[in-house]
Amino acid sequence: MAPMASMAQQAPLTHPAAYLARRAATALAAAVVLGAAAAPAAYADAPSASPKKLPDGLYGTTDPKFDGVWRQSLALLAQDTVGVRPAALAVHWLAGQQCADGSFTAFRAEPGKTCDAKTMRDTNQTAAAVQALAALGGHGDAVQKAVGWLKSVQNDDGGWSSMPGSASDANSTSVVIGALAAAGEKPRSVTSKKGGKTPYDGLLTFQLGCDAKEGERGAFTFQLKGAAPNADATAAAATGALGKGFVVAPAGERANTPVKPLTCKDGEGEKSGEPGRAAAGGDAYLVAQLDKNGQHLLSAMPGAEKQPDVGNTADAVVALAAGGHGTAAAKPLKWLEKNAADWAKQSGPAAYAQLVLAAHATGTDPRSFGGTDLVAKLNATGPKPAAAQKKDSEDAAKDGGGIGLWWVIGVGLAIGAGIGFLLSSRKKNQL
């Protein structure tokens, strides 16, 4: 791994390492605005220690300390989506990571040990696990316990933060909406105990309206009102606002709805309170950014030049497909087919899963994705599936589990120093 000073020069990161890193960068900017707010209480204690030996059943070969449940959930969900039955050992590992109260953390080195007050419970990891376990079936009790926990930590504004007790953010709220929908809940019916706000009420507060600059209208910010537009948050929110999770069913050739930006007349803002309209506005912002940058989105770590963000581009493809914007989604998808293979090989199971889900959402064959069999590559990063439809290739077995964890570890150290980073990144429409 490269040291922190040079990590910004590396290839674009993937979820959740980049997901956490992007959030941390956004939170750092927020801390400057707020005067370096204190870190959430949830970060007073360190996450579970790194394992001396990787657990049996786990996908990826890198330290799961920060992303074990996330990458496992995406890997199993992507396999299930394309008709591959995951290895029982892999499913067992994920289910065994759940705490007694229904929550999940990033990684529990000792699953048999009871979760206590020091366990860093995480809504993102929990929501990802819900989507995977609900899709696989046979885990109804675990799914309902997890959903119950998510409901118990809903903020008064209707949204969620990654760590309970912190301010809501667009990404966490979106992934929880996806989990609720996957579990058979109707997000509109899940309201905060104080104020009766729905997840959509919380999510739409992060959208920029006509009071923003013309090129920023329709975009979502990660967290703070008045903050800069965030493509990562916009892609997540545009999907979540439609009540969808990580898996978006392909709509076929009929889905070619024109992208419609938010409109402004006589200085009056059209920041719609209707989730579907809000999603359309977010999609329009994404299309504008994609067109501007050559059909990919950009990211930059603090102090680094902007560079292609492959993972976020994949998320944008899913968001556009979810909104029925087939033509718009096809352009960045072609860019991914030409440019994502090396990134996924370096980044591991979560990256392969993102590409599989982007291909699925657009009706593209993930087994022939720019000359790469994404399914075989994904399968080879973990235990052999119980039933795979394609033989794994030998070179895929060399892939790892994710990059950029040193960046996240550095963020954790910064939290310990009191900077106050806030680490926090979808089967049918349940509107």
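Only a predicted model underlies this, so the values are computations on that prediction, with no experimental measurement involved. Each residue takes its place number in the sequence, starting with 1.
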Q: For residues Gln98 and Pro111, determine if any side-chain heavy atom of one lies less than 4.5 Å from a side-chain heavy atom of the other.
A: no
Q: At their closest point, which heavy atom of Gly215 faces which heavy atom of Gln289, and how far apart are they?
A: O-NE2, 4.4 Å
Q: Output every pair passing salt bridge (charged side-chain N to carboxylate O under 4.0 Å, His left out) with a member in residues 129-140, not counting sequence neighbours, ordered by first then second residue.
A: none
Q: Sequence neighbours excluded, which residues qualify as side-chain hydrogen bond (donor to acceptor under 3.5 Å, both in side chains) partners of Thr372?
A: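 Per chain and number, Thr372 pairs via side-chain hydrogen bond (donor to acceptor under 3.5 Å, both in side chains) with no residue.
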Q: How far apart are the closest heavy atoms of Leu54 and Gly60, and which atoms are they?
A: CD1-O, 3.8 Å
Q: Under the side-chain hydrogen bond (donor to acceptor under 3.5 Å, both in side chains) rule, collect the residues that match up with Ser50, sequence neighbours excluded.
A: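 Partners of Ser50 under the side-chain hydrogen bond (donor to acceptor under 3.5 Å, both in side chains) test: Asp63.
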Q: Taking atom CG of Asn256 and atom NE2 of His325, what is their separation to the nearest 0.5 Å?
A: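 Answer rounded to 0.5 Å: 10.0 Å.
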Q: How far does CG of Leu290 sit from OG1 of Thr313, to the nearest 0.5 angstrom?
A: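 Reported to 0.5 Å precision, the distance equals 6.5 Å.
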Q: Side chains of His296 and Val310: does their closest heavy-atom pair fall under 4.5 Å?
A: no
Q: If you compare all heavy atoms of Ala75 against all heavy atoms of Ala353, which two are closest, and at what distance to 0.1 Å?
A: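 Between these two residues, the closest heavy atoms are N-CB, 4.0 Å.
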Q: Can you find a pair of side-chain heavy atoms, one from Gln97 and one from Gln125, that are under 4.5 Å apart?
A: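 A side-chain contact is absent here, since even the closest heavy-atom pair is not under 4.5 Å.
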Q: Does Asp141 have more than 12 heavy atoms from other residues, nucleotides or ligands lying within 6.0 Å of its CG?
A: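 Open.
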Q: Determine yes or no for a side-chain-to-main-chain donor-acceptor pair under 3.5 angstrom, with Lys145 supplying the side chain and Ala100 the backbone.
A: yes
Q: Quick one: are Val248 and Leu357 in side-chain contact, heavy atoms under 4.5 Å?
A: no
Q: With the side chain counted from C-beta on, respond yes when Val287 and Asp291 share a heavy-atom pair under 4.5 Å apart, and no when they do not.
A: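 Touching, per the 4.5 Å side-chain cut-off.
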Q: Can you name the side-chain hydrogen bond (donor to acceptor under 3.5 Å, both in side chains) partners of Thr81, sequence neighbours left out?
A: none
Q: Begin with the C-alpha distance, continue with both residues' side-chain angles, and end with the deciding distance and a verdict on side-chain contact (heavy atoms from CB on, under 4.5 Å) for Asp315 and Val318.
A: CA-CA 5 Å; Asp315 289 343; Val318 173; 5.5 Å; no
Q: Quick check: do Ser73 and Phe104 have side-chain heavy atoms less than 4.5 Å from each other?
A: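 SC-SC contact between Ser73 and Phe104 ruled out.
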Q: Just by distance, do the side chain of Asp67 and the backbone of Trp70 share a donor-acceptor pair under 3.5 Å?
A: no
Q: Indicate whether the side chain of Ser168 and that of Asp157 have a donor and an acceptor atom separated by less than 3.5 Å.
A: yes
Q: Quick one: do Gln154 and Val176 satisfy side-chain contact (heavy atoms from CB on, under 4.5 Å)? Show the steps, please.
A: CA-CA 10 Å; Gln154 184 179 20; Val176 173; over 6 Å; no
Q: Residues in side-chain contact (heavy atoms from CB on, under 4.5 Å) with Ala109, at least two apart?
A: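 Result, side-chain contact (heavy atoms from CB on, under 4.5 Å) vs Ala109: Ser48, Phe107.
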Q: Rounded to the nearest 0.5 Å, what separates atom CG in Leu58 from atom NZ in Lys53?
A: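 If I round to the nearest 0.5 Å, the distance is 10.5 Å.
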Q: Output, in order, the C-alpha distance, side-chain angles, deciding distance and verdict of side-chain contact (heavy atoms from CB on, under 4.5 Å) for Gln79 and Leu378.
A: CA-CA 8 Å; Gln79 287 180 327; Leu378 171 60; 3.9 Å; yes
Q: Does any part of the side chain of Val69, heavy atoms only, come nearer than 4.5 Å to the side chain of Thr105, both counted from C-beta?
A: no
Q: Show the nearest heavy-atom pair for residues Trp160 and Val190, with the distance to one decimal.
A: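 Nearest pair, atom of Trp160 first, then Val190: CH2-CG1, 4.3 Å.
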Q: Cut-off 3.5 Å, side chains only: do Ser368 and Asp365 have a donor facing an acceptor?
A: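 Asp365 and Ser368 do not have a side-chain donor-acceptor pair below 3.5 Å.
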Q: What's the separation between atom NZ in Lys292 and atom CG in Leu298, rounded to the nearest 0.5 Å?
A: 8.5 Å
Q: Go through the structure and list residues passing side-chain contact (heavy atoms from CB on, under 4.5 Å) with Ala237, not counting sequence neighbours.
A: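 Testing Ala237 for side-chain contact (heavy atoms from CB on, under 4.5 Å), a comparison that skips the adjacent residues, returns Ser174, Leu203, Phe220.
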Q: Taking the side chain from Asp283 and the backbone from Ala280, do they hold a donor-acceptor pair closer than 3.5 Å?
A: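 Judged by distance alone, no pair lies under 3.5 Å.
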Q: Return the set of residues passing side-chain contact (heavy atoms from CB on, under 4.5 Å) with Asp342 (not counting sequence neighbours), or none when no residue passes.
A: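 Asp342 satisfies side-chain contact (heavy atoms from CB on, under 4.5 Å) with no residue once adjacent residues are dropped.
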Q: Listed by chain and number, what are the side-chain contact (heavy atoms from CB on, under 4.5 Å) partners of Pro229, not counting sequence neighbours?
A: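 Pro229: side-chain contact (heavy atoms from CB on, under 4.5 Å) contacts with Leu208, Glu216, Ala219, Tyr285.
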Q: Please list, chain by chain and in numerical order, all residues satisfying side-chain hydrogen bond (donor to acceptor under 3.5 Å, both in side chains) with Lys151, sequence neighbours excluded.
A: Glu185
Q: Does Gly311 offer a backbone N or O that forms a donor-acceptor pair with the side chain of Gln354 under 3.5 Å?
A: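 The answer is yes, because a donor-acceptor pair under 3.5 Å joins these two groups.
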Q: Quiz question: by atom type and distance under 3.5 Å, do the side chains of Ser161 and Asp169 form a donor-acceptor pair?
A: no
Q: Grab the two heavy atoms, one from Gly159 and one from Thr173, that are nearest each other, plus how far apart they are.
A: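 Heavy atoms only, the tightest pair is CA-OG1, 3.5 Å.
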Q: Using side-chain heavy atoms (C-beta onward) and a distance below 4.5 Å, is Gln307 in contact with Ser299?
A: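 Result yes, sub-4.5 Å side-chain heavy-atom pair found.
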Q: Where the side chain of Asn155 meets the backbone of Ser166, is there a donor-acceptor pair that is under 3.5 Å apart?
A: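 Flag set: sc Asn155 to bb Ser166 pair under 3.5 Å.
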Q: Walk me through it: do Val317 and Leu333 pass the test side-chain contact (heavy atoms from CB on, under 4.5 Å)?
A: CA-CA 6 Å; Val317 169; Leu333 183 72; 4.2 Å; yes
Q: Mark yes or no for whether Arg217, through its side chain, and Ala212, through its backbone, hold a donor-acceptor pair below 3.5 Å.
A: yes
Q: How many angstroms lie between CG in Asp232 and CG in Asp309, if you round to the nearest 0.5 Å?
A: 7.0 Å
Q: If you take all heavy atoms of Ala235 and Asn312, which pair is closest and at what distance?
A: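 Looking at all heavy atoms of both residues, the closest pair is CB-OD1, 3.9 Å.
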Q: Which pairs, with at least one residue in residues 98-108 and sequence neighbours excluded, count as a salt bridge (charged side-chain N to carboxylate O under 4.0 Å, His left out)?
A: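 Qualifying pairs, neighbours excluded: Asp101-Arg121.
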Q: Holding to ring-ring contact (aromatic ring centres under 6.0 Å, His included), I want the full list of residues that pass it with His360, two or more places apart in sequence or in another chain.
A: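 His360 satisfies ring-ring contact (aromatic ring centres under 6.0 Å, His included) with no residue once adjacent residues are dropped.
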Q: Not counting sequence neighbours, which residues clear ring-ring contact (aromatic ring centres under 6.0 Å, His included) with Trp149? List them please.
A: none
Q: Please check this pair: side chain of Gln72 against backbone of Tyr59, looking for a donor-acceptor N/O pair closer than 3.5 Å.
A: yes
Q: Between atom CD1 of Ile177 and atom CG of Leu242, what is the distance when rounded to the nearest 0.5 Å?
A: 10.0 Å
